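From a predicted model like this one, the values you see are computed outputs, not experimental measurements. We name chains A, B, ... by the order of the sequence lines, and we start the count at 1 in each one.
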Number of protein chains: 2
Amino acid sequence: MRETSHELGADLQAAVARIYSRFRSERSDGELGDAAVGVLIALAKSGALTLTELSERARVTTGSMSQTVNRLVAGGYVERDRDPADGRRMLIGATPAGAEIAAAARAHRRSWLDARLAELTPAERATLAEASALIRRIADS
Amino acid sequence: MRETSHELGADLQAAVARIYSRFRSERSDGELGDAAVGVLIALAKSGALTLTELSERARVTTGSMSQTVNRLVAGGYVERDRDPADGRRMLIGATPAGAEIAAAARAHRRSWLDARLAELTPAERATLAEASALIRRIADS
DNA sequence: TATTGTTATACTCTATAACTATA
DNA sequence: TATAGTTATAGAGTATAACAATA
């Protein structure tokens with residue numbers, strides 16, 4: 001198949017939208033939503049981050065992120081601390097409860113997907129691994 | 001590379017989340033949101049659909065879809081007509097204005113992605129084409 | 001002045017539950 | 001009774017604009 005579809009953009013977008021919708025419907029009905037769990041996962045990976053850093057990673061405005069952090073603080077999942085080196089900055093860090101939620105959410109979110117991937121052939125999994133890297137590259141370009 | 005990453009599930013999910021977030025930030029700020037445009041695109045592909053069909057395709061409840069259709073009706077983008085064959089069913093169809101929005105939204109949503117895909121090698125595009133089909137299969141399984 | 005962050009307001013999207021109408 | 005759809009209510013997520021504090 002040397003000739004790839006001229007509809008690749010449409011196909012890829014449709015596939016992404018479809019599986020993303022599936023992720024949403026498969027997710028556990030915990031007390032926290034997508035954006036809030038995304039913050040906890042970012043903090044688990046990188047340690048404490050400023051509000052601006054969090055908003056850039058999620059590609060939302062600082063106003064939006066500040067409100068997501070408000071919800072997390074209210075639930076006791078993160079703490080805000082003023083940066084001693086720059087009084088304008090707030091460092092947002094996960095509490096033990098928040099770190100626990102992040103680990104559990106990552107495991108649960110992937111259980112459905114991992115089961116599906118196990119049904120594929122090794123070659124198919126290799127294709128998806130290469131595609132994941134390509135998609136990341138495109139998304140971050 | 002016979003050994004694919006044991007983190008494939010995490011990698012794939014992260015890649016999908018990342019590009020989906022990018023789609024969102026690249027989308028035009030039209031008057032209609034994602035769900036509403038999704039309905040118009042479904043109607044453009046399939047013609048008039050019932051509320052239940054629309055809600056199943058979007059994987060949302062009929063209550064949610066009814067409200068999305070309300071917004072589309074208010075804007076003049078779709079019409080509700082009672083199914084003559086079954087008085088319980090409503091057939092939702094796009095108006096000319098709705099069909100126009102669907103076509104424009106599809107083209108615009110893809111313009112950023114198509115530009116990125118054009119920068120890839122043919123082999124990379126082939127990988128993404130195969131991966132798209134695999135992702136669709138997983139999402140619909 | 002520029003940067004960082006917060007809040008008020010408003011909108012989209014979604015779910016649940018109670019409801020009506022038709023089969 | 002079962003199916004199809006609507007509405008009321010509530011909550012997450014987001015954006016914009018106005019604002020305060022710090023650099």
Side-chain angles (χ1 to χ4, degrees), chain A residues 17 20-40 42 48-75 77-93 101 105, chain B residues 17 20-40 42 48-75 77-93 101 105:
Chain A
Y20 193 85
S21 140
R22 189 65 188 262
F23 287 163
R24 179 161 28 81
S25 69
E26 291 291 337
R27 83 165 179 233
S28 76
D29 276 333
E31 59 265 45
L32 293 177
D34 255 3
V37 172
V39 167
L40 292 179
L49 296 170
T50 67
L51 187 76
T52 296
E53 286 168 338
L54 283 174
S55 64
E56 284 172 351
R57 290 184 189 219
R59 295 183 200 280
V60 300
T61 64
T62 57
S64 297
M65 185 53 73
S66 186
Q67 297 165 73
T68 297
V69 170
N70 283 345
R71 289 192 297 273
L72 285 165
V73 169
Y77 301 110
V78 305
E79 284 173 344
R80 276 189 176 101
D81 292 294
R82 199 161 289 278
D83 185 344
D86 185 338
R88 296 170 301 184
R89 290 198 176 93
M90 299 297 292
L91 288 169
I92 291 108
I101 296 275
Chain B
Y20 192 85
S21 140
R22 190 64 189 261
F23 287 164
R24 180 163 26 83
S25 68
E26 292 291 335
R27 83 164 180 235
S28 77
D29 276 333
E31 59 264 48
L32 294 176
D34 253 4
V37 172
V39 166
L40 292 179
L49 296 170
T50 67
L51 188 76
T52 296
E53 287 167 338
L54 282 173
S55 64
E56 284 171 352
R57 290 183 189 218
R59 297 184 198 279
V60 298
T61 64
T62 56
S64 297
M65 185 52 74
S66 187
Q67 296 165 74
T68 297
V69 170
N70 283 345
R71 289 192 296 274
L72 285 164
V73 170
Y77 302 110
V78 304
E79 285 173 343
R80 277 188 175 101
D81 292 293
R82 199 162 289 279
D83 185 343
D86 185 338
R88 297 171 301 182
R89 291 198 175 92
M90 299 296 290
L91 289 169
I92 291 106
I101 295 276

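- Considering only heavy atoms from C-beta on, Thr50(B) stays 4.5 Å or farther from Glu56(B) through its side chain.
- Of the candidate nucleotides dT4(C), dT6(C), dA15(C), dA15(C) has the atom nearest to the side chain of Val60(B).
- Atom CG of Asp81(A) is separated from atom P of dG5(C) by 13 Å (rounded to the nearest Å).
- The side chain of Asn70(B) contributes an N or O atom lying less than 4.0 Å from OP1 or OP2 of dT7(D).
- If you find the closest nucleotide of DNA chain D to Ala58(A) and to Ala85(A), the one lying nearer the 5' end belongs to Ala58(A).
- When the C1' atom of dT14(D) is taken as reference, atom CZ of Arg24(B) falls 8 Å away, rounded to whole Å.
- The closest side-chain donor-acceptor pair between Thr68(A) and Arg71(A) falls under 3.5 angstrom.
- Between the CD atom of Gln67(A) and the P atom of dA10(C) there is a distance of 14 Å, rounded to whole Å.
- Comparing Arg88(A) and Val37(A) against DNA chain D, the residue whose closest nucleotide sits nearer the 5' end is Val37(A).
- With distances taken from any side-chain atom of Thr52(A) to the nucleotides dG13(D), dT9(D), dG5(C), the minimum falls on dG5(C).
- In this structure, Met90(A) atom CE and dA23(D) atom P are separated by 13 Å, rounded to whole Å.
- In this structure, CZ of Arg80(A) is placed 12 Å from C1' of dT4(C), rounded to the nearest angstrom.
- Contacts of Gly33(A) with the nucleic acid, taken as non-hydrogen atoms under 4.0 Å apart, involve only primed sugar atoms and P, OP1 or OP2.
- dT14(C) atom P lies 11 Å from atom OH of Tyr20(A), rounded to whole Å.
- In this model, the phosphate group of dC13(C) is not approached by any side-chain N or O of Thr68(B) to a distance below 4.0 Å at OP1 or OP2.
- Rounded to an integer number of Å, the gap from Arg71(A) CZ to dT6(C) C1' is 14 Å.
- Put simply, CG on Leu54(A) is 14 Å from P on dT4(C), counting in whole angstrom units.
- Side-chain N/O atoms of Ser64(A) and base N/O atoms of dA15(D) include a donor-acceptor pair closer than 3.5 Å.
- Look at Thr61(B) and you'll find a side-chain N or O under 4.0 angstrom from OP1 or OP2 of dA15(C).
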